[in-house]
Amino acid sequence: MVHRPGLRSHEAGSVTEADVDAEVTVVGWVQRRRDHGGIAFLDVRDGSGVVQVVADPDEHPGVGDLKMEYCIRVEGVVRLRPTGTENPDLPTGMVEIGAGEIEVLAPAKTLPFMIDDRSEVDELTRLRYRYLDLRRPKMAENLRARSKATSAIRRTLDDLGFLEVETPTLVNSTPEGARDMLVPSRLRQGEFYALPQSPQLFKQLLMVSGVERYFQIARCYRDEDFRADRQLEFTQLDLEGAFWDRDDVLATIEEVLMAVARDIRGVDVELPFKRITWQEAMDRYGSDKPDIRFGMEIVDLSDAVAGSEFGVFAGAIESGGTVRGINAGSQDWPRSRADNMTERAKELGAKGLVWMVVEDDGQLRSPVAKFLSAQEQSEIKGLLGGQPGDVLLISADTWKTAVTVLGGLRLDLGRPSGHDELAFLWVVDFPLFEEEDDGSITFSHHPFTSPASLDEMRENPEQALSKAYDVVLNGVELGSGSIRIHDPDVQRQVFEILGIDAETANRRFGWFLEALEYGTPPHGGFAFGIDRLVMILQGEASIREVIPFPKTQTGLDPMTEAPTWVDDTQLRELGIDLTADSKLRRDGADAGEES
RNA sequence: GGGAGCGUAGAACAGUCUGGAGUGUUCGCCGGCCUGUCAAGCCGGAGGUCGCGGGUUCAAAUCCCGUCGUUCCCGCCA
């Protein structure tokens, strides 16, 4: 099947010197009009690029009416631009089209904002007119990149013999993990579906079903607060393989990610990706998703200050905590900056922050210097490699808080702003469980993750490792996976450790436990966020830039104004009553719209 | 749930700290001129509920309180 040209003979961006003297028809939007009175230039843009059309106003008296973003069709003859007027910045810059016939296919209203990459427009306005925003070259390129990503994923997995299988998007709600997006049932009043947070259990069922290699480009939903890299709905590559162990999963994901990076960036990522254990990631970078594009690693200073007279240091160590530091390098360090960093440290959970500046003479300038012996100061400086001008930041706290705080400050102070470099990283050997604030135990990945060792899980669950792994790109968690539990008895034990008693487990997951009873192959898989991946590959700071129609931080689509109120008839069918407060606001909003 | 920033013409901003007539810049829009531009240029013009409500004041875009919207962050996100 060939590409059908439709109304055009040539794509605007593909007209070249080879087409000189050819009669061509191009269609597209008027990017710019430069009207010199006796001659007028039109930049005509379609999906492929821009070509210059030259019109004589005597022959085309209407050319002056062609405003920006008018949709037009131009017939004409391709010719070389006169010497000296070529535009080397444009792929079509050697040629132009001498206009024969110009037809307005559709006029355009005055634009709410300029369709170019130069103007920075408020995001609310962009989203209200997203269809215009998507015409901007950068956004059009982001759409294409996204398509390339899914295409590379499908091609790679198809080659590897994977089956693309769709799983339901109306599923059971589960109270664990993220808040579910709920959908009320009409046929079963009072009951609710949930939109899936991931196809987790269905893909495991597919392993039981004999689908040995499954994938799906799956829309997933989590009803949690927004961030620059979080929306209510997002798209994941979800995959699973039977008779697999960890390295089979990692190698497959590496193949996929390499293919996507190659298709979008044109670079070959080095395989295999680096690997780091969770413990090492936390110790060195204070994060389970380290950005390894820069150093500024966390250093353990506990031994150097164990006997210190400085109560903050000594106290932390005596109570089982630790003292850690980073060398933030050469920084301007006025009092205000120091205060800001201290505030930030507190925001990240610290009680305070010790800062030191290495002076030209090697002395440490710090509010706490007077509490530290010369030897302690010297050891701190030595361990952190402090050179004159360097700022040293030290946190004394529990291990978790100390490394997390320094990890956060490290990102604030050292993280590269762009995404030119692609630093993929596997984080492996995650803990199986983690402790909640109330002391209870919860899973760190999800409750279907296989423990690394059954004995360890039973005897020492707090320390037990899991067969879970994350892939990280430039400090962003792209996704995670694990080898799953395929033995129903092990699964029941994990539920029990999590405080889910047998009766509850059977009620909620009995159907799944039963499925595991029928010869379930060992299996494992992975899921990564396509939005986040494309965001980084495109050098964007927010996933909204690579999602065609995203929502604002309060879950609003400014264009369609979703979500909207529904009337009582609809609610009655669903057996749902609004609270008095919601009703008031709804009826107030309705009245407001009518007036 | 909490913290911070922002909200002034169709767009992006300056003006707000230190109150004094809606004062200004760039782009767009309207009209005119212009035969080689490519973010064309030149001349002229229109366009404002300073988010909204309240307060202080002789006087509020500016100060105070509240509220709405938006962005970023903390919590949250298996």
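Values in this document were obtained by computation on a predicted structure and should not be read as measured data. Per chain, numbering begins at 1; letters A, B, ... match sequence-line order. Side chains included, hydrogens not; waters and symmetry mates left out as well; all remaining heavy atoms used.
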Give me, pair by pair, the N or O atoms of the protein and of nucleotides 4-7 of chain B that are less than 3.5 Å apart, along with how far apart they are.
none

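- Comparing the C1' positions of B/G2 and B/A39 gives a spacing of 44 Å, expressed to the nearest Å.
- An OP1 or OP2 oxygen of B/C30 is reached within less than 4.0 angstrom by a side-chain nitrogen or oxygen of A/Lys67.
- A cation-pi arrangement, defined by a distance under 6.0 Å to the six-membered ring centre and an angle within 45 degrees of its axis, is absent between A/Arg179 and A/Tyr221.
- Here the separation of B/C17 from B/C63, taken at their C1' atoms, is 11 Å to the nearest Å.
- In this structure, the side chains of A/Lys289 and A/Val476 stay at 4.5 Å or more apart for every pair of heavy atoms.
- Remark: the separation of the C1' atoms in B/G7 and B/A14 is 15 Å, to the nearest Å.
- With both ends at atom P, the span from B/A59 to B/G22 equals 14 Å, rounded to whole Å.
- Residue A/Arg32 places at least one side-chain N or O under 4.0 Å from the OP1 or OP2 atom of B/A40.
- Within residues 545-555 of chain A, the residues having any heavy atom under 4.0 Å from RNA chain B are, by residue number, A/Thr552, A/Gln553, A/Thr554.
- Nucleotides B/C27 and B/U18 place their P atoms 34 Å apart, quoted to the nearest Å.
- On the C1' atoms, B/C42 is 28 Å away from B/G48, given to the nearest whole Å.
- B/C65 and B/C77 have their C1' atoms separated by 35 Å, given to the nearest Å.
- Neither side chain, A/Thr404 nor A/Thr401, offers a donor N or O lying under 3.5 Å from an acceptor on the other.
- B/G44 is paired with B/C30 under the criterion used here, namely a Watson-Crick or G-U wobble arrangement in which both key atom distances are under 3.5 Å.
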